[in-house]
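Start at 1 and go down the list; that is how both ligands and their atoms are numbered.
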Amino acid sequence: MGKNSLVFVLSLVVAGLGSYLIYPLLSTPPVPAVEEKWWGPGEPTKEDASVREMKINVSENVLEDLDHRLSNHLPFQDPLEDAKQHYGMNTRLLETIVDHWKTKYNWRERENFLNQYPHFKTKIQGLDIHFVHVKPKETKGLKVVPLLLVHGWPGSFREFLETIPMLTTPQLGRNFVFEVVVPSLPGYGFSDAAVRPGMNPSAIAVIFKNLMARLGFNRYYIQGGDWGSMIVHVMSVLYPDRILGVHQNMCFVNTPIANMKMFMASVYPSLFMKQEHVNLIYPLSKMYSYILLESGYLHLQATKPDTVGVALRDSPVGLAAYILEKFTTWTNKEWKDLEDGGLTKKYTLTNLLDNVMIYWVNRSITTSMRLYSEAFSSDYYNQQWDRQPIKDVPSGCLRAEHEIAFSPDFILEEKYENLVHLKDYDNVGHFAAFQEPELFSKDVYDFVDKVEKLPKEKKK
Ligand SMILES: *[C@@H]1O[C@H](CO)[C@@H](O)[C@H](O)[C@H]1NC(C)=O
Ligand SMILES: CC(=O)N[C@H]1CO[C@H](CO)[C@@H](O)[C@@H]1O
């Protein structure tokens, strides 16, 4: 064989091998089949399908025990000089939080606050699932639009409560109003936890589809951030005929092709995106070192949730430090440089402690953290949900400046094939609904408005 034909054959081999390797990355894998499993103890039984009203009413014992633990915790380790929040939550800040908890925070009052919304439980696939369900006050001449709001970790249904009055009250210039359903994820807050492995985001998607069906909703909108955004993504892929539109804060694409594109775009980023977005993700080394710095908890929870859970279930001050540290760093990247962690700039300590209490009163931190282990299991990973685009379901993204993961427009297009709404917000972080209830509600209204006005063939 001559030299030229050798080169030719070699090029063929390389091209063949290259496309063999790349092709599977370019094509969309089939939608994984998701079974309707039984997650409760024992064998599946015929289920009580009733929807029961419930009031949050924590027993006196739990509150006395909490008081005792708050008053008798061991002295905290002094922070290093000038450490701010760079070594984790600063214990001076924690002192302030615990002092507020002991002297100003009144759980019975907070129960009244939480109970102003109607709470329910219903049995689904062996688990008692808790949710808040609020109908609009006034509906004359308006279309009532069902909306499922899905929280993540370390949040709870609490994050959405301030948005409910706006979402369920008619707004000037809108011809629709929402009827909202806000569940606690299985293993979170007041929902039961699975007793066997496998409660991953797609399993939760099935449960929430069944919850909505139980309430008589077969066509509805869905919204989610954090794990909620993964769950609503899966719902949109599995149930496109039920989902009228999907709105996410934390729209994020994590496919091999998207990552390659991000890498290639780094050569000349301003060719691919607006300057303000360039600063958010480039240089990539800055973005990756941020991810490394802030994702230790994720690795821990994805591998040994039960070990760290022992300590967090035993110590309310430890639990508060662990949870509220995230409300500092994830709300604003710069708050790590503040002595007081910035928390009261966007939240009140009382509201933040409601969220901690929702983890404490039912000791749900361990079961909540297990979601990471299930979502990072090889079983779940092999289903490759990240690579499933949302095809026809109209999609909307609230893109916050301080979100923990940022995907620029040219990357989002890959996953959201019918993206009808994309809006950037400065000075907003990961917990958009909790942090900015008005802005958040308005963005959801704007999104649904756009979808409702779409020509028929673009709608679901
Ligand atoms: C909570 O439970 C206690 C004791 O069972 C009862 O006396 C009280 O009325 C309940 N409160 C609410 C708000 O249901
Ligand atoms: C799942 C679970 O343990 N739920 C309990 C959590 O706390 C509330 C309030 O005390 C109880 O009513 C639930 O039964």
(message) In the complex you have, is atom 12 (C) of ligand 1 within reach of the protein, judged by whether a heavy-atom distance drops under 4.0 Å?
(response) yes

(request) Please check atom 7 (O) of ligand 1 for a protein heavy-atom neighbour under 4.0 Å. (result) no

Test of ring centre spacing under 6.0 Å for [X] and [Y]:
X      : Y      : result
His119 : His130 : yes
His277 : Phe406 : yes
Tyr297 : Trp330 : yes
Tyr188 : Phe190 : no

(message) Among Asn57, Ile56, Asn112, which one puts a heavy atom closest to atom 14 (O) of ligand 1?
(response) Asn57

